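Notes to accompany the following structure.
Counting convention: from 1, in listed order, for ligands and their atoms alike. Bear in mind the structure is a predicted one, so any value in this text is a computation, not a measurement.
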Amino acid sequence: MATDFKSIPIIDVSPLLAKCDDPKMGEDGGVIEVVRQLNQACTQAGFFYVKGHGIPISLLQEVKEKTHKFFELPYEEKSKIKLNAAAGYSAIENLNLELMVRLEKFWKDIINDLSRNIMRGIALALGGSPYEFEGDRAGDPFWVVRILGYPKKPFENGVNDIGCGAHTDYGLLTLLNQEDGINALEVRNLSGKWISAPPIPGTFVCNIGDMLKVEKILDLVVSYSRNQYYFELKLKGFRILSFDKLQIYSNGLYESTLHRVINNSDRYRVSVAYFYETNFHTAVEPLDICKQRNGKVNQADETKKVERAVYGEHLVGKVLTNFVF
Ligand SMILES: O=C(O)CCC(=O)C(=O)O
Ligand SMILES: [Fe+2]
């Protein structure tokens with residue numbers, strides 16, 4: 001969060017999507033405008049809504065309905081897929097297969113493409129070719145779908161300690177399909193004010209992750225597993241974790257932004273987050289174009305601001321320290 005933004009911009013990405021397979025897309029007037037807006041959003045807030053993405057609202061709705069059904073299952077059922085250290089990254093089978101299949105299809109067929117195309121716009125916004133985040137960097141993206149459930153009031157012990165603590169996301173880009181009609185997601189601006197990111201039906205809330213800029217990570221518990229989802233969110237207060245200095249693609253031009261979730265409503269809230277990440281073993285370093293634009297002091301290399309990181313190590317480190325098993 002590089003500025004004192006007061007709201008989160010809405011970006012119609014349809015002109016970008018219309019040209020996303022054209023290597024000369026960067027010359028198109030419509031694309032140039034989307035790229036300008038992406039650059040502004042990533043520079044100022046690190047968050048933006050995406051509309052014009054072409055995904056039917058009915059599909060977004062269906063995924064949330066199935067998510068509600070999952071969380072309505074008895075605790076014993078959900079416990080069958082509870083995370084433990086051994087199963088940390090394995091897909092979990094059997095339970096609620098219908099939801100899994102649906103989410104996997106949804107992701108593979110649709111969200112991956114959308115994320116890649118938004119990343120093409122971000123690559124252009126950083127001054128590179130549209131394909132900076134493909135090939136060895138994110139041509140084989142590690143992806144995670146996380147389904148989240150936030151109990152309604154009143155809370156168990158009368159204290160509102162259930163939610164999602166302030167954190168930044170780990171990877172490149174997150175697309176969030178949030179419950180309509182409940183304001184719960186908040187994003188922190190430069191002066192520390194929490195700005196509401198209310199649901200806007202039919203849109204995704206997107207945010208850039210640590211691989212574009214990592215500075216400091218405050219994180220908390222959520223459930224996690226490789227390639228798919230799960231589990232009821234149980235967050236118990238805030239916990240400050242390590243400060244990470246990672247070398248990141250934008251070399252500090254963009255920042256991942258702290259956000260949190262507090263469900264103070266009297267409805268159970270679900271959300272489905274799609275994390276679009278780099279290749280698992282990719283060593284993340286600033287793009288040359290970003291070093292040229294934002295070269296700053298570092299004894300080893302004056303153009304670098306932060307240190308190199310291997311995405312998978314960053315992720316595993318975060319999951320092992322941030323999640324309750
Ligand atoms: O549920 C939400 O609205 C956001 C969840 C989130 O930030 C995350 O899972 O990283
Ligand atoms: Fe997040």
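Note on Asp169: its N/O/S atom closest to the Fe ion (ligand 2) is OD1. Within His167, the N/O/S atom positioned nearest the Fe ion (ligand 2) carries the name NE2.
With hydrogens and angles ignored, the 3.5 Å screen pairs a side-chain donor or acceptor of His53 with a backbone N or O of Gly202. Judged purely by atom type and a 3.5 angstrom limit, Glu27 has no side-chain atom pairing as donor or acceptor with the backbone of Lys24. In this structure a side-chain-to-backbone donor-acceptor pair under 3.5 Å is missing from Asn117 to Gly121. Proximity of a side-chain donor or acceptor of Asn279 to a complementary backbone N or O of Gly135 within less than 3.5 Å is detected. Side chain of Asn263 to backbone of Pro151: a donor-acceptor contact under 3.5 angstrom is found.
With a 4.0 Å cut-off on non-hydrogen atoms, Glu179 does not touch ligand 1 at all. With a 4.0 Å heavy-atom cut-off, ligand 1 is reached by no atom of Val205. Only side-chain heavy atoms of Leu176 come within less than 4.0 Å of ligand 1; its backbone N, CA, C and O stay farther off.
Glu179 has no carboxylate O lying under 4.0 Å from a charged side-chain N of Lys64, or vice versa, which leaves the two without a salt bridge.
By the 3.5 Å distance cut-off applied to N or O atoms, Ser271 is counted among the residues near ligand 1.
In this structure, Phe71 CZ and Ile147 CD1 are separated by 4.5 Å, a value rounded to the nearest 0.5 Å.
A heavy-atom separation below 4.0 Å is found between Arg146 and ligand 1.
With ligand atoms numbered from 1 in the order given, ligand 1 contributes 1 (O), 5 (C), 9 (O) to contacts under 4.0 Å with heavy atoms of Leu148. Close approach of ligand 1 to Tyr150 (heavy-atom distance below 4.0 Å) involves ligand atoms 1 (O), 2 (C), 4 (C), 5 (C). Heavy-atom proximity to His259, at under 4.0 Å, picks out these atoms of ligand 1: 7 (O). Counting the atoms of ligand 1 from 1 in the order shown, those under 4.0 Å from a heavy atom of His167 are 6 (C), 7 (O), 8 (C), 10 (O). Close contacts of ligand 1 with Phe275, meaning ligand atoms under 4.0 Å from a residue heavy atom, involve 8 (C), 9 (O), 10 (O). Using a 4.0 Å cut-off to heavy atoms of Val261, the atoms of ligand 1 that qualify are 1 (O), 2 (C), 3 (O), 4 (C).
You'll find the side chain of Phe48 stays beyond 4.5 Å of the side chain of Gln40, heavy atoms only.
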